[in-house]
Amino acid sequence: MLDQKLIRENPACVEENLSLRGKVYDITRIHELTVRKKEIDIEISSLQSESKKLSKLIGQEIRKCQDNNSKELNNLKKKGNEYRIKISEFEEKQRILDEQINNEISNLPNFPSKDAPTGKDESNNVQVKTWGNPLKANNLKSHWEIGESLNLFESIKSTKMSKSRFITLIGNGARLERALINFMLDMHTKNGYLELMTPALVNSESLKGSGQLPKFSNESFKCSNDDLWLSPTAEVPLTAFHKNEIIDPKRLPIKYVAYSPCFRREAGSYGKDTKGLIRLHQFNKVELYWFCNPSKSLEAHKKITSDAENILQKLELPYRLVDICTGDLGFSSSRTFDLEVWLPSSKCYREISSCSNCLDFQARRSAIRTKIDKKNTYLHTLNGSGLAIGRTMAAILENGQQSDGSVKIPDSLVPYFGSNFLKTP
RNA sequence: GGAGAGGUGGCUGAGUGGUCGAAAGCGAACGAUUCGAAAUCGUUUAAUAGUUAACUAUUCGUGGGUUCGAAUCCCACCCUCUCCGCCA
């Protein structure tokens with residue numbers, strides 16, 4: 001959420017910053033609303049002050065002269081009643097304004113960072129660096145072909161139990177998934193992250209707090225009988241973990257790692273990535289999350305990204321780092337570095353981690369603050385996948401494939417998986 | 001799901017419709033005492049918003065209602081605890 005005060009006092013600056021996303025934002029209406037609300041706030045406050053004084057006076061009069069039915073007293077009470085009516089009228093106006101402002105303001109995305117490359121869409125994203133040597137050859141198998149030949153997962157049967165875009169992992173496939181989760185959690189907890197295991201169902205407030213609602217209700221699954229949604233990413237419960245808190249600056253940065261299943265409707269992606277592990281309604285992910293001092297978030301952003309990179313390097317998977325351009329940034333993010341892993345069968349890099357600095361955008365939506373010079377200040381939040389498990393598995397299968405049809409398991413994963421090669425059962 | 005008991009400042013815990021933003025205690029801060037410390041004594045100490053002090057407003061689980069005035073009365077909801085039921 002953007003700062004209401006900034007909208008009220010400097011709407012031109014807000015429009016200018018938003019327009020960096022490559023679209024035109026007109027905030028005239030919301031600006032007017034905030035100005036009117038401010039006026040009403042002041043009005044209400046002074047009316048309340050008068051009414052409070054009057055009530056006190058009535059109390060004193062009653063104690064002074066036992067007779068609590070005198071003419072003067074009744075006049076005073078009548079006057080008090082008038083205040084009450086007037087105040088409630090203003091409060092009604094205030095309530096409506098608040099609602100309107102909230103509706104509008106929570107649909108505005110975060111300001112892009114000035115450091116992010118400007119551009120309209122993903123074609124303007126900037127490759128910052130690459131790591132490793134991408135495997136390039138013809139006759140390379142796709143991960144779903146490997147999965148089938150080694151009997152690692154199954155999607156046809158999964159549509160029987162659920163629908164398309166769900167998968168059942170089998171035998172070594174399930175084992176590899178589990179190994180990857182444990183490996184990543186261990187790496188990150190050794191590296192200073194505290195592990196959380198959060199609820200998979202989250203309420204609407206939480207989704208608003210991290211920016212998925214109200215704008216993207218289409219992208220999550222909702223429970224019909226409760227105000228609960230299947231969490232699309234652990235970022236949601238992790239943000240909500242400290243909702244409405246003022247965190248002692250001595251505790252910052254707070255670094256969490258959480259494994260969670262993630263549920264996404266993938267509306268509008270019909271026909272894309274229909275095979276394999278790339279785009280599923282349910283997938284596993286290990287998520288990194290930081291709450292940090294506002295002055296430290298640029299540094300933190302580099303660190304969280306390199307913590308995610310570290311996993312790719314340990315798994316010996318070639319990847320590149322991409323600086324997401326202003327037009328392609330997610331709703332809550334001011335700057336995002338994507339890590340894209342090399343998938344030899346499709347001869348391209350695919351997103352496997354997205355590391356974002358949300359500045360105070362989520363913190364304001366979720367009311368998470370810290371004390372700076374005795375003043376309450378919204379802190380900064382950052383999130384990054386470390387990593388998406390399914391896509392990691394796909395990358396391991398494709399990059400580790402051998403001419404005999406087996407798959408080499410990266411050395412650092414062997415203690416977790418229990419053997420050096422995946423072979424036909 | 002059923003029955004009961006609760007939800008008040010950093011914590012414990014009083015609170016009768018009117019100097020109640022709230023007793024008392026603990027804790028914390030400062031001071032005195034001391035070579036220093038403990039103990040003792042004294043003073044101070046809720047938060048949030050309005051850019052700041054002053055000032056004003058809000059806040060006793062949340063949202064409504066009654067009233068000139070609500071921590072206190074009424075209604076709804078949420079949460080916690082105990083017991084019962086069910087259950088991985």
Side-chain angles (χ1 to χ4, degrees), chain A residues 1-11 13-14 31 33-99 101-103 105 197-209 223 225-229 237 240-252 260-261 294-295 360 363-379:
Chain A
M1 190 138 63
L2 300 177
D3 186 1
Q4 210 176 113
K5 200 173 135 204
L6 187 66
I7 292 175
R8 191 175 67 233
E9 290 174 358
N10 202 344
C13 158
V14 172
H31 169 250
L33 292 174
T34 54
V35 170
R36 259 165 58 206
K37 180 172 142 43
K38 181 71 181 170
E39 288 163 8
I40 284 176
D41 284 350
I42 291 168
E43 188 66 32
I44 286 179
S45 168
S46 78
L47 279 172
Q48 276 169 334
S49 169
E50 295 296 315
S51 150
K52 234 172 124 171
K53 276 180 207 150
L54 182 66
S55 295
K56 230 166 223 180
L57 181 71
I58 292 173
Q60 282 166 2
E61 288 299 313
I62 286 175
R63 247 169 305 145
K64 223 188 282 171
C65 64
Q66 306 308 320
D67 176 16
N68 53 0
N69 231 342
S70 75
K71 211 170 178 189
E72 296 109 77
L73 214 51
N74 280 334
N75 275 339
L76 289 179
K77 285 187 186 177
K78 213 171 139 195
K79 209 173 154 198
N81 200 22
E82 281 162 19
Y83 274 127
R84 187 160 59 117
I85 290 165
K86 224 188 250 176
I87 290 172
S88 66
E89 276 167 11
F90 275 105
E91 278 176 342
E92 178 63 11
K93 283 185 196 166
Q94 187 190 45
R95 199 187 55 76
I96 291 167
L97 276 175
D98 261 336
E99 205 181 301
I101 290 171
N102 244 311
N103 279 343
I105 211 172
M197 201 171 274
T198 56
L201 299 186
V202 293
N203 59 34
S204 304
E205 278 298 302
S206 301
L207 283 160
K208 275 181 204 154
C223 302
N225 287 333
D226 300 280
D227 176 32
L228 289 170
W229 305 66
F241 193 63
H242 288 297
K243 189 176 160 62
N244 289 328
E245 288 183 15
I246 297 169
I247 297 173
D248 186 341
K250 279 179 280 197
R251 287 180 61 199
L252 299 178
S260 83
S295 63
D360 62 0
R364 185 174 283 108
R365 287 169 92 98
S366 300
I368 308 169
R369 291 170 291 183
T370 187
K371 290 254 187 227
I372 293 173
D373 298 330
K374 293 190 177 169
K375 216 174 156 289
N376 289 333
T377 313
Y378 291 106
L379 45 70

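Every chain is numbered from 1 and lettered A, B, ... according to where its sequence line falls, protein lines coming before strand lines.
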Measuring only the [atom1] atom in each nucleotide, how far is [N] from [M]? A whole number of Å is fine.
| N | M | atom1 | value |
| --- | --- | --- | --- |
| B:U66 | B:C74 | P | 15 Å |
| B:C60 | B:G9 | P | 10 Å |
| B:C73 | B:G18 | C1' | 15 Å |
| B:U33 | B:A14 | C1' | 34 Å |
| B:C79 | B:A88 | C1' | 24 Å |

Qualifying residues under side chain to side chain donor-acceptor pair (under 3.5 Å), relative to [X], sequence neighbours excluded:
| X | value |
| --- | --- |
| A:Ser49 | none |
| A:Asp41 | A:Lys37, A:Gln94 |
| A:Ser366 | none |
| A:Arg95 | A:Glu92, A:Glu99 |

Seminar exercise, completed: A:His242 meets the ring pair (Phe, Tyr, Trp, His ring centres under 6.0 Å) criterion, sequence neighbours left out, with A:Tyr256, A:Phe291

Exercise. Going by heavy atoms in the side chains, are A:Glu9 and A:Thr34 under 4.5 Å from each other?
Worked result: no

Exercise. Is there a side-chain contact between A:Glu89 and A:Ile85 (heavy atoms, below 4.5 Å)?
Worked result: yes

Exercise. Please, what dot-bracket string fits RNA chain B when only Watson-Crick and G-U pairs with both distances under 3.5 Å count, crossing ones use [ ] and pairs to another strand use |?
Worked result: ((((((((.[[[..)..(.....]]]((((((.......))))))(((((....))))).[[[[[..)....]]]]])))))))....

In the 5'-to-3' direction, what one-character label does each nucleotide of [range] receive under the scheme B = base within less than 4.0 Å of a protein heavy atom, S = sugar-phosphate only, - = no such atom?
| range | answer |
| --- | --- |
| nucleotides 47-54 of chain B | -SSSS--- |
| nucleotides 55-62 of chain B | -SSS---- |
| nucleotides 63-80 of chain B | ----BBS----------- |

Exercise. About how many Å separate CG of A:Asp98 and CG of A:Asn102, when rounded to the nearest 0.5 Å?
Worked result: 6.5 Å

Problem set entry | Value rounded to 0.5 Å, distance of CG in A:Leu201 from CH2 in A:Trp229 | 12.5 Å

Exercise. Taking only residues two or more places apart in sequence or in another chain, which ones pass side chain to side chain contact (heavy atoms under 4.5 Å, CB included) with A:Asn75?
Worked result: none

For this session: Could you list the residues that satisfy side chain to side chain contact (heavy atoms under 4.5 Å, CB included) with A:Pro249, not counting sequence neighbours?
Result: A:Thr370, A:Lys371

For this session: Can you spot which of A:Leu2, A:Ile7, A:Asp3 makes a side-chain contact (heavy atoms from CB on, under 4.5 Å) with A:Lys5?
Result: A:Asp3

Problem set entry | Set of salt bridge (charged side-chain N to carboxylate O under 4.0 Å, His left out) partners for A:Lys243, sequence neighbours left out | A:Glu205

